[in-house]
Amino acid sequence: MPYKDGIWKARVEQNVQFDELFVNGQLQRMARYPNYDSTAHYLNGTAQDVLSPVRVARWKSPVGGYVHALHPSQWGDVHYMITGKNDKGELVMEGGWQNNRRMGMSEKYRFVENIFEELDTVNEWYFDKQAKTLYYFPPAGLNLRTAKFEAPQIASLFEFRGNETKPVRNITISGLVLTQTARTFMQNKEPLLRSDWTIYRGGTVTYEGAVDCRLVNCTLVNVGGNAVFFTKYNRSCRVSGCQISGVGASGVCFVGDPGAARSPSFEYNQFVPIAQMDRTPGPKTNNYPKDCSVYDNLMFNLGLVEKQSAGVELSMCQNITVSHNTIYDVPRAGINVSEGTWGGHVIEYNDVFNTVKETGDHGAFNSWGRDRYWHPDKRILDSIVAAYPDLALLDVTQPIILRNNRFRCDHGWDIDLDDGSGNYIICNNLCLNGGIKLREGVNRIVENNIMINNTFHPHVWFKNSNDIFRHNIVGAGYLPIGISVWGKEVDYNVFPDSASLSEARARGTDMHSVYMPQVFENPAKGDFRLKPGTAAFSVGFKNIATDNFGVISPGLKALAKKVNFPVVMAPAHADDSEIIDFMGAKVKKLTSLGERSATGMDDIRGVLVVSILPGNVSTFFQANDVILSLNGISTNSLRDLQKARMSVIGVSAEIVIFRNQHIHTKRIEFNDHK
């Protein structure tokens with residue numbers, strides 16, 4: 001029956017859950033502020049004032065509402081349930097556990113939903129649990145008498161539960177459409193060792209203790225949480241030929257039991273002392289996925305609710321093959337390796353693009369290597385690897401292979417090997433926009449890759465990394481950060497011009513490398529083969545087949561969106577950012593995505609401490625600090641810093657810096673103009 005202002009209401013006598021609502025098969029929107037906007041960059045619309053006293057005062061009974069937000073550094077998302085109001089009229093909430101780097105919520109990118117007073121536009125709805133009444137704002141022309149209303153009631157449609165001694169065997173699900181499962185974002189609590197992830201161990205199809213099981217030629221669409229989840233012991237299982245789209249969280253997850261990890265740590269800042277560390281290589285038990293595959297699947301529009309998600313997520317597993325998948329339109333990585341445990345993965349012939357659309361500091365392919373050797377303090381980590389080089393390979397016992405993939409990330413790196421990622425072989429990949437980043441790690445071989453309009457980003461390597469970078473084509477000069485020793489070999493590469501090559505040689509690398517204009521067969525059509533006789537072949541580069549990426553099933557191929565091929569640009573040569581001396585350190589304006597990632601900053605802002613002046617042991621700074629403010633003046637340029645410096649001559653002032661993921665404040669004394 002009509003309620004008011006275009007809103008209708010209906011009594012619901014059944015005892016049912018209302019977390020999502022479908023009308024004639026189309027997902028509707030919980031009453032929310034701001035209203036849903038399909039074109040908005042983040043979270044389909046955000047507003048800074050969602051928790052303002054004025055707005056909260058409008059809500060008579062917000063219990064059961066949700067606050068959804070990005071992580072303050074855009075490393076995923078967090079979610080809260082409203083449980084009431086306090087005596088001051090402020091919201092009381094629980095949650096925020098959906099990200100393993102707990103730093104609260106973004107003050108800018110957030111929205112609220114399931115608030116009755118925010119029901120004010122077409123396709124929104126609200127369910128009053130106490131009155132058992134559904135309120136709905138229908139679009140013009142909808143026949144409410146004949147419309148089909150559906151509300152998902154369960155998070156899984158199939159669950160197969162066995163174990164190592166009594167596994168579920170030889171079950172195939174084929175040819176089904178699986179849809180309308182409940183959201184699980186408030187159950188996403190379990191940390192995945194020291195990665196940025198937490199996880200909910202379940203999906204629309206869930207496997208535990210399965211052997212030789214198959215999910216083939218199915219469509220998983222409009223599901224509230226993960227689509228497919230392999231938890232703990234699984235062997236020789238396969239997901240193939242499936243369309244996975246309209247997914248609240250991740251596409252396909254393989255997540256082992258933390259009890260299988262030796263000396264595990266579960267939060268970024270945790271570390272097991274070496275004297276107490278189990279230094280036996282490999283897993284402790286067999287309770288993890290192994291020898292499984294994800295082959296020929298089309299995955300898109302993922303992470304609609306949970307932004308710390310991926311097309312394929314690998315954590316505490318081994319020998320997983322991810323091959324010939326097309327993955328796009330995701331808020332974070334297309335493929336994510338959560339930590340090194342236990343390696344052996346083969347990731348090949350995938351087409352991954354339109355990634356990192358709602359987050360930051362990430363890649364189309366992303367990995368972390370915060371294995372048992374890793375320490376959050378870089379100076380301590382350097383000393384560990386120098387003294388105990390064998391520790392870095394205790395967990396990633398077999399190489400992880402990335403080969404013959406096509407990656408494009410317009411908001412980060414095409415391939416991002418972050419914190420401690422080691423034992424990788426990266427070859428024959430076509431990187432269309434974001435280049436390749438290697439942060440500290442060991443035993444990485446990067447060869448015969450093409451980086452269009454971007455380059456190689458080596459960040460804060462170990463002195464004994466044993467890294468190799470050779471036979472690659474880069475679209476610009478390297479962008480190193482904190483590199484004093486350039487691994488085992490950086491040579492026989494191809495630069496776009498003589499200036500970039502000269503710059504590399506001045507650092508002591510690439511003595512046998514060459515330069516040549518980047519002239520490909522037909523880049524507008526995706527053919528990035530080099531023509532015969534070009535200089536690249538003289539240093540060992542071999543052409544990459546550029547027509548064999550992504551899904552191969554004709555039906556999925558016909559459905560798949562096509563990647564946008566970039567126009568190949570000549571390298572630009574801007575002047576180096578100015579570097580000045582300041583308080584015993586050399587500093588510059590923080591200007592690049594690489595500098596943001598290396599420092600862990602939430603945005604490209606502040607003044608970066610490049611190095612400490614020789615002999616200056618009394619300075620407050622450390623290399624890689626970011627100066628955020630001085631004497632209450634924000635320092636987003638050298639001019640800002642110098643202006644602030646002059647304002648505090650002869651007096652004590654407060655300086656704010658960002659170091660090792662934390663803000664530090666100190667009062668310092670200025671006595672002169674140096």
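Every heavy atom of this structure was used, including side-chain atoms; hydrogens, water molecules and symmetry mates were not. Starting from 1, each residue takes its place in the sequence as its number.
Salt-bridge check for D351 with R408: failed, with every basic side-chain N at 4.0 Å or more from each acidic carboxylate O. Under a 4.0 Å N-O distance rule, the pair R605/E595 does not qualify as a salt bridge. Between R596 and D361 no salt bridge is recorded (no basic side-chain N to carboxylate O distance below 4.0 Å).
In this structure, E306 contributes its side chain and Q308 its backbone to no donor-acceptor pair below 3.5 Å. Q153 contributes a side-chain N or O that, together with a main-chain N or O of Q17, makes up a donor-acceptor pair within less than 3.5 Å. Of the possible donor and acceptor atoms, none in the side chain of Q74 sits under 3.5 Å from a partner among the backbone N and O of P72. Side-chain atoms of T133 come within 3.5 Å of backbone N or O of A131 as a donor-acceptor pair. Checking side-chain atoms of T359 against main-chain N and O of P331 turns up a donor-acceptor pair under 3.5 Å. Checked by atom type and distance alone, the side chain of N100 pairs as donor or acceptor with a backbone atom of F266 at under 3.5 Å. Side-chain atoms of T206 come within 3.5 Å of backbone N or O of G203 as a donor-acceptor pair. Between the side chain of K85 and the backbone N or O of V56 there is at least one donor-acceptor pair closer than 3.5 Å. Side-chain atoms of S106 come within 3.5 Å of backbone N or O of K108 as a donor-acceptor pair. The closest donor-acceptor contact from the side chain of T198 to the backbone of Q98 lies under 3.5 Å.
The salt bridge (charged side-chain N to carboxylate O under 4.0 Å, His left out) pairs that include a residue from residues 180-196 are D19-R183, R101-D196, E113-R183, E190-R201, D196-R370, where partners are two or more places apart or lie in different chains. Pairs engaging residues 107-126 under the ring pair (Phe, Tyr, Trp, His ring centres under 6.0 Å) rule: Y42-Y109, H68-F111, F116-Y126, F116-Y135 [sequence neighbours left out]. Counting only residues at least two apart or in different chains, salt bridge (charged side-chain N to carboxylate O under 4.0 Å, His left out) contacts with residues 36-48 are absent.
When each of V610, N660, L608 is paired with N624, the side chain to side chain contact (heavy atoms under 4.5 Å, CB included) condition holds for L608 and for no other. When each of K437, R332, R439 is paired with D416, the salt bridge (Lys or Arg N to Asp or Glu O under 4.0 Å) condition holds for K437 and for no other. Here the rule is side-chain hydrogen bond (donor to acceptor under 3.5 Å, both in side chains) with T204, and of N222, T179, T181 only T181 fits it.
Taking the six-membered ring wherever Trp is involved, the centroid distance between the rings of W197 and H362 does not fall below 6.0 Å.
Applying the side chain to side chain donor-acceptor pair (under 3.5 Å) test to D128 and every residue at least two apart in sequence or in another chain returns nothing. Partners of A69 under the side chain to side chain contact (heavy atoms under 4.5 Å, CB included) rule, at least two apart in sequence or in another chain, are V78, M105, R110. Every residue meeting the ring-ring contact (aromatic ring centres under 6.0 Å, His included) condition with W75, not counting sequence neighbours, appears here in chain and number order: H71. Applying the ring-ring contact (aromatic ring centres under 6.0 Å, His included) test to Y268 and every residue at least two apart in sequence or in another chain returns W374. With sequence neighbours left out, the ring-ring contact (aromatic ring centres under 6.0 Å, His included) criterion links F300 to Y328. In this view, T121 and N35, E124 satisfy the side chain to side chain contact (heavy atoms under 4.5 Å, CB included) rule, not counting sequence neighbours. Partners of F365 under the ring-ring contact (aromatic ring centres under 6.0 Å, His included) rule, at least two apart in sequence or in another chain, do not exist in this structure. With sequence neighbours left out, E13 forms a salt bridge (Lys or Arg N to Asp or Glu O under 4.0 Å) with R11. Annotation: side chain to side chain contact (heavy atoms under 4.5 Å, CB included) contacts of S421 (sequence neighbours excluded): S367, L417, Y424.
Atom OG of S38 is separated from atom CG of N44 by 7.0 Å, given to the nearest 0.5 angstrom. Atoms CG and OG1, on D625 and T599 in that order, are 9.5 Å from each other to the nearest 0.5 Å.
Residues I657 and V626 have side chains not in contact (no heavy-atom distance under 4.5 Å, counting atoms from C-beta outward). Looking at heavy atoms from C-beta onward, L43 lies in side-chain contact with K307 at the 4.5 angstrom threshold. At least one side-chain heavy atom of N354 sits under 4.5 Å from a side-chain heavy atom of D329. Residues S597 and W413 meet the side-chain proximity criterion, which asks for heavy atoms closer than 4.5 Å.
For E94, the CD atom is densely surrounded, since the number of other residues' heavy atoms within 6.0 Å is greater than 12. Enclosure of atom NZ in K562 by more than 12 non-hydrogen atoms of other residues, nucleotides or ligands within 6.0 angstrom is indicated. Other residues, nucleotides and ligands contribute more than 12 heavy atoms inside 6.0 Å of the CD atom of E150.
Residue I452 comes nearest to P566 through the heavy atom pair CG2-CG, 3.7 Å, listed as atom of the first residue, atom of the second, then distance. Minimum interatomic distance between K88 and N86 (heavy atoms only, all atoms of both residues): N-OD1, 2.9 Å. The two residues A31 and I115 make their nearest non-hydrogen contact at CB-O, 3.3 Å.
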